[in-house]
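Positions are given from 1 along the sequence. Note that the structure is a prediction, hence the values are computed from the model and not measured.
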Amino acid sequence: MGGLAQVGATLARLKAAREQGQLAPDFDLDLAFELLSGPLYFRLLISHEPLTPAYYDRVLQAVFAGMSPRP
C-alpha cells in the first residue's frame with residue numbers, strides 16, 4: 001500500500017472509530033493521524049530505535065487515551 005493510500009485507510013479507520021463512539025466526537029482526525037505517525041517516523045528516521053510491537057502498543061495506548069470520549 002502506498003503512502004497516500006495508507007493515510008487514507010488510517011483516516012477512514014479513525015473516522016469509523018469516531019462514528020462508533022470509540023473516539024471523542026470532536027477530535028480532529030488529521031491531528032490524530034499525526035499524533036500516531038510522529039513517534040513512528042521519529043524512531044525510524046531520527047533515533048533508529050527498533051519499531052517493535054510493544055512500542056506500537058505503547059503509542060496506540062497513549063494516543064487513544066487522549067482521544068477517547070469523556071464520560
- Task: Could you list the residues that satisfy side-chain contact (heavy atoms from CB on, under 4.5 Å) with Glu49, not counting sequence neighbours?
- Result: Arg43, Ser47

- Message: I'd like to know if the side chain of Arg18 and the backbone of Ala24 have a donor-acceptor N/O pair within less than 3.5 Å.
- Response: no

- Partners passing side chain to side chain donor-acceptor pair (under 3.5 Å) against Ser37 (at least two apart in sequence or in another chain): none

- Atom pair NZ (Lys15) and CD (Gln20), whose distance is rounded to the nearest 0.5 Å: 12.5 Å

- Query: What's the shortest heavy-atom distance between Leu40 and Leu51, and which atoms?
  - Reply: O-CD2, 3.8 Å

- Note on the structure: Interatomic distance, CG@Leu14 vs CG@Asp28, rounded to 0.5 Å, equals 10.5 Å

Pairs of donor and acceptor atoms involving the side chains of residues 53-60, under 3.5 Å and at least two apart or interchain, shall be tabulated with distances.
none

- Any chance you could measure Leu11, atom CG, to Leu36, atom CG, to the nearest 0.5 Å? 9.5 Å

